Amino acid sequence: MYMRIGVLGSGIVAQTLAVGFKSKGHDVVVGTSNPTKLADWSREEGIGIRSFAETAEFAALLILAVKGSAAMAVLRAAGPQRMLGKTVIDATNPVADAPPVNGVMPFFTGPNESLLELIQAEFQDVHFVKALNSVGYLHFIDPKFDGGPPTMFIAGNEPKAKVEVRGLLAQIGWETTDMGAAEAARAIEPLCMLWCIPGFSRNEWMHAFKLLKT
Ligand SMILES: NC(=O)c1ccc[n+]([C@@H]2O[C@H](COP(=O)([O-])OP(=O)(O)OC[C@H]3O[C@@H](n4cnc5c(N)ncnc54)[C@H](OP(=O)(O)O)[C@@H]3O)[C@@H](O)[C@H]2O)c1
């Protein structure tokens with residue numbers, strides 16, 4: 001499966017996913033409001049840098065990889081009409097601008113809502129799928145763990161979009177468990193908090209989640 005993938009964001013998550021999906025044969029472009037920031041990286045990696053809107057126009061599938069508090073603004077800049085009917089992997093987390101408390105990161109969302117639902121409510125004709133938010137970027141591409149491939153929990157309202165995302169996740173070495181509609185993101189987003197606790201508390205970052213079944 002070859003796709004034109006647009007990555008919205010310029011941080012380490014966006015860079016890692018852009019390079020990773022390019023290495024799997026996809027045509028990848030990165031969208032940012034600050035193209036000069038990535039000029040050297042773009043030359044080295046052979047990945048084009050465009051505006052958010054141009055990236056949304058180019059892509060058949062998008063990955064949202066910006067700071068959680070900027071997600072809405074970035075999607076507005078990308079433009080709902082350019083994302084119409086497209087799958088958008090939402091890798092963001094609603095992390096608040098405050099330090100962790102005993103290793104636990106504060107969120108700006110409450111327990112009965114999620115950032116995925118907030119963006120899905122505003123951009124109703126875009127097919128958001130929560131994924132890639134519950135593990136550190138070092139493990140995104142071809143994760144290697146003693147227990148075999150880890151599990152990526154996903155959620156979203158559009159079944160066809162989740163099939164696309166499952167296919168892409170398999171290409172980068174992940175098992176996928178579909179937890180259901182957008183509301184399931186209320187449980188998936190806090191997995192990022194859980195994943196980070198050993199990191200902030202003990203500087204341990206080399207782990208991932210796996211769902212065991214009988
Ligand atoms: N770090 C990880 O290992 C990890 C793993 C899984 C998920 N995540 C999630 O992935 C997302 C990206 O994380 P990150 O660590 O790569 O970087 P980050 O520092 O959380 O985000 C950087 C990106 O956010 C954008 N941004 C920041 N403030 C903005 C503002 N006020 N207005 C508009 N855009 C703004 C920047 O846009 P410009 O390009 O325009 O500068 C840049 O692309 C976050 O939601 C994070 O929770 C992180």
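When a ligand or atom number is given, it counts from 1 through the structure's own listing order. We number each residue from 1, following the sequence as shown. Keep in mind the model is a prediction, meaning the values are calculated, not measured.
Side-chain atoms of T92 and D90 form a donor-acceptor pair, as typed in the model, at a separation below 3.5 Å. Side chains of T151 and K210: no donor on one and acceptor on the other come within 3.5 Å.
One distance of note links CG of D178 with CD1 of I154; it measures 4.5 Å at 0.5 Å rounding.
Nearest heavy atom pair, residue N102 against residue S201, reads O-OG, 4.0 Å. Here the shortest heavy-atom pairing between V95 and F108 reads O-CD2, 3.6 Å.
When the options A14, A65, G11 are ranked by their closest heavy atom to atom 12 (C) of ligand 1, first place goes to A65. Among S33, S69, G31, the residue whose heavy atom lies closest to atom 40 (O) of ligand 1 is S33.
Heavy atoms of L138 stay at 4.0 angstrom or farther from ligand 1. Contact between G68 and ligand 1 is present, with at least one heavy atom of the residue lying under 4.0 Å from the ligand. Heavy-atom separations between L38 and ligand 1 are all 4.0 Å or longer.
For atom 16 (O) of ligand 1, the closest heavy atom belonging to the protein is V13 N, 3.0 Å. Annotation: atom 9 (C) of ligand 1 to nearest protein heavy atom, A91 O, 3.3 Å. With hydrogens left out, the protein atom closest to atom 15 (O) of ligand 1 is I12 CG2, 3.8 Å, a heavy atom. Closest protein heavy atom to atom 46 (C) of ligand 1: N93 N, 4.2 Å. For atom 41 (O) of ligand 1, the closest non-hydrogen atom on the protein side is K37 NZ, 2.7 Å. Counting protein heavy atoms only, atom 28 (N) of ligand 1 is closest to K67 CD, 3.8 Å. Among all non-hydrogen protein atoms, the one lying nearest atom 35 (C) of ligand 1 is A70 CB, 3.3 Å. Atom 37 (O) of ligand 1 has S10 OG, 4.2 Å as its closest protein atom, hydrogens excluded (heavy atom only).
Within ligand 1, the atoms closer than 4.0 Å to a non-hydrogen atom of G136 are 3 (O), numbered from 1 in the order shown. Using a 4.0 Å cut-off to heavy atoms of T92, the atoms of ligand 1 that qualify are 45 (O). Taking every heavy atom of V135 and a limit of under 4.0 angstrom, the matching atoms of ligand 1 come to 5 (C), 6 (C). Remark: ligand 1 atoms within the under-4.0 Å shell around heavy atoms of N133 are 6 (C), 7 (C).
Hydrophobic clustering, defined by side-chain heavy atoms of Ile, Leu, Val, Met, Phe, Trp and Tyr closer than 4.5 Å, groups V29 together with F58.
Counting only distance, with no hydrogens or angles, the side chain of D125 and the backbone of L84 share no donor-acceptor pair below 3.5 Å.
Contact annotation: for W205 versus ligand 1, there are no heavy atoms closer than 4.0 Å. Only the backbone of L132 comes within 4.0 Å of ligand 1, judged by heavy-atom distances. For V66, heavy-atom contacts with ligand 1 shorter than 4.0 Å involve the backbone as well as the side chain. Residue F52 touches ligand 1 through its side chain alone, judged by heavy-atom distances below 4.0 Å.
The ring of H207 has its center no closer than 6.0 angstrom to the ring center of F145. The aromatic ring centroids of F200 and W205 lie less than 6.0 Å from each other.
The pair E117-R186 meets the salt-bridge criterion, since a charged nitrogen lies less than 4.0 angstrom from a carboxylate oxygen. Between D97 and K67, at least one side-chain nitrogen of the basic residue sits less than 4.0 Å from a carboxylate oxygen of the acidic one, meeting the salt-bridge criterion.
Residue Y137 has at least one nitrogen or oxygen atom sitting less than 3.5 Å from a nitrogen or oxygen atom of ligand 1, judged on distance alone.
Cluster membership for L169 and I5, using ILVMFWY side-chain heavy atoms within less than 4.5 angstrom, is shared.
At a distance under 4.0 Å, no protein heavy atom can be found next to atom 19 (O) of ligand 1.
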Using the side-chain hydrogen bond (donor to acceptor under 3.5 Å, both in side chains) rule, take H127 and Q120 through it: C-alpha gap first, then chi angles, then the decisive distance, then the call. CA-CA 8 Å; H127 304 314; Q120 185 64 78; 5.8 Å; no
